[in-house]
Amino acid sequence: MLILGIETSCDETAAALVEDGINLISQTVASSQDLHIKTGGIVPEVASREQVLAMIPVLQETLKVIKNPSREIDAIAVTNGPGLIGSLLIGVETAKALAFAWNKPLITVNHLVGHIYGNFVSDSDLVNQDIFPSVVLVASGGHSDLILLKNHGEWTWLGGTLDDAAGEAFDKAARLLNLGYPGGPAISKAATSCVNLTIQQFDNFRLPRPLINEINYDFSFSGLKTALSKLVKDHSPLSVDLTNRLAHEFQGAIVECLVAKTLKAVKSFDAKSIMLAGGVSANKRLREYCVKSAGNVPVFYPDFKFCTDNAAMIASAAYFNQKVVPWESVEPDSSLCLS
Ligand code: KG4
Ligand code: ZN
């Protein structure tokens, strides 16, 4: 079954063709990130205008590999939320138009569920493995959730962030440290530059690990940002060395909190695997620390290109969760969640 996926929830305009949920035939991702670098974050109006400009060229590029799209494609999948409403609207209306013109079924996909399927397009053998129930950590720019995935389309929400999402925390910290946007990769790069420093050198720059020992599956990252801003203020102007140290400590605090709650859930529910998903799953420290801490429990994470927003994950999620809806009734819903 060949599905055309469309993703426009934020600042990426993406389309992909995926066969049977696991075989990537083609994919295109256009990003308006360069424009947002200038403003240090996303301006929704700017992002949605860029979606309008990129949508058709991205589709054309993706469909180049097949001769007759209207005959060869079996269904259209589109992200209907959560995300920026103006951006979502472009993908949703494009998908509706194609479903109408080609007379194809339309499958809507929750963007956060989509992120989970970045794992399935990365590793086509995952479908053959005994992975359920799996504890899934979905950590992106807008959300940080922990769910117990019992099977495709069947999950229990365990907890999530009480304030800032993990990616958002990385972005805000990078701004405080003057490292630019997007913050995750910038913090990660700076942190790598200080791995050789000894533990004692960090003592004065210790940040809290919020909620780490609490009996719940929740996260809280806004206090961390406040603690970091205090350190930045106290030690300004920051040397490169100190910036790197603070980036390392901030990354460590977030990673330790995310992994602690993930492992707690694995233990409580006797999970057979862990899946990392969302933009923050591109973080190398998170991957390594989770694998090391999980012992015998297998940890899966998407290839880098399927961590951040893409449409292959949307087409894959649609294949495994085929809920066809009449195209006439589809509207974007910026408030969709996993709970
Ligand atoms: O999933 P995503 O592409 O978009 C949303 O759905 O929000 O996630 C974007 C987020 C940004 O906050 C970015 O800073 C973060 O993912 N991110 C990272 C890394 N790469 C991207 N965070 C930590 N380490 C990374 N290497
Ligand atoms: Zn995302």
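By convention here, the first residue in the shown sequence is residue 1. In listed order, ligands and their atoms are each counted from 1.
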**From OG (S273) to CG (L149), nearest 0.5 Å** =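 Answer for the OG-CG pair, S273 versus L149, is 8.5 Å.
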**Asked** Which protein N, O or S atoms does the Zn ion (ligand 2) have within a distance shorter than 2.8 Å?
**Response**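 Listed by chain and number, the atoms are H111 NE2, H115 NE2, D309 OD1.
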Where's the contact between [X] and ligand 1, heavy-atom distance under 4.0 Å: side chain, backbone, both or neither?
X	value
D171	side chain
Q251	neither
K284	neither

For a quick check under 3.5 Å, do [X] and [Y] share a side-chain donor-acceptor pair by atom type?
X	Y	value
S32	D11	no
K323	T108	no
T308	N310	no

**Message:** With heavy-atom distances below 4.5 Å as the criterion, would you say the side chains of L89 and I85 are in contact?
**Reply:**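 Side-chain contact under 4.5 Å: no.
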Could you list which atoms of ligand 1 come closer than 4.0 Å to a heavy atom of [X]?
X	value
F170	22 (N), 23 (C)
G142	7 (O)
G183	14 (O)
V280	16 (O), 18 (C), 22 (N)

**4.0 Å heavy-atom contact, E12 with ligand 1** =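 No, E12 has no heavy atom closer than 4.0 Å to ligand 1.
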**Residue-ligand contact C10/ligand 1, heavy atom below 4.0 Å** =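 Contact check C10 vs ligand 1: negative.
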**Request:** Give a yes or no answer on whether the side chain of N244 reaches the backbone of A191 with a donor-acceptor pair at less than 3.5 Å.
**Result:**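 Judged by distance alone, no pair lies under 3.5 Å.
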**Item:** Test of proximity, T308 against ligand 1: N or O pairs below 3.5 Å
**Value:**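 Min N/O separation from ligand 1 is not below 3.5 Å for T308.
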**Asked** Based purely on interatomic distance, does G278 place a nitrogen or oxygen under 3.5 Å from a nitrogen or oxygen of ligand 1?
**Response**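 No, since none of the N or O atoms of G278 sits under 3.5 Å from an N or O of ligand 1.
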**Asked** Got a salt bridge between R245 and E249, using NZ or NE/NH1/NH2 to carboxylate O under 4.0 Å?
**Response**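 Salt bridge between R245 and E249, a charged N being under 4.0 Å from a carboxylate O: no.
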Name the closest protein heavy atom to [atom], giving the residue it belongs to and the distance to 0.1 Å.
atom	answer
atom 17 (N) of ligand 1	G279 O, 3.5 Å
atom 2 (P) of ligand 1	D309 OD1, 3.4 Å
atom 10 (C) of ligand 1	G141 N, 3.5 Å
atom 18 (C) of ligand 1	G184 CA, 3.4 Å
atom 24 (N) of ligand 1	N283 ND2, 3.0 Å
atom 6 (O) of ligand 1	H111 NE2, 3.1 Å

**Prompt:** Taking the inter-plane angle between the rings of F221 and F219 on a 0 to 90° scale, is it parallel (under 30°), tilted (30 to 60°) or perpendicular (over 60°)?
**Reply:**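 If you compare the ring of F221 with that of F219, the planes turn out parallel.
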**Request:** Measure the acute angle between the ring planes of F132 and H152, then classify it against the limits of 30° and 60° as parallel, tilted or perpendicular.
**Result:**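 Because their plane-to-plane angle is over 60°, the rings of F132 and H152 count as perpendicular.
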**Message:** Does R175 qualify as a cation-pi partner of F250, given the criterion of NZ or CZ under 6.0 Å from the six-membered ring centre and within 45 degrees of its axis?
**Reply:**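 No - R175 does not lie over the ring of F250 by the 6.0 Å and 45° rule.
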**Request:** Using the test ring pair (Phe, Tyr, Trp, His ring centres under 6.0 Å), find all partners of W155 that sit at least two apart in sequence or belong to another chain.
**Result:**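 W155 satisfies ring pair (Phe, Tyr, Trp, His ring centres under 6.0 Å) with no other residue.
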**Message:** I need the minimum non-hydrogen distance between L177 and L238, along with the two atoms involved.
**Reply:**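 L177 and L238 have their closest heavy atoms at CD2-CD1, 3.7 Å.
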**Message:** Please determine whether side-chain hydrogen bond (donor to acceptor under 3.5 Å, both in side chains) holds for the pair D164 and S222, giving the CA-CA distance in whole Å, both sets of side-chain angles, and the decisive distance to 0.1 Å.
**Reply:** CA-CA 6 Å; D164 292 353; S222 77; 5.2 Å; no
**Request:** Test I3 against D74 for side chain to side chain contact (heavy atoms under 4.5 Å, CB included), laying out the working first.
**Result:** CA-CA 6 Å; I3 298 186; D74 297 296; 5.6 Å; no
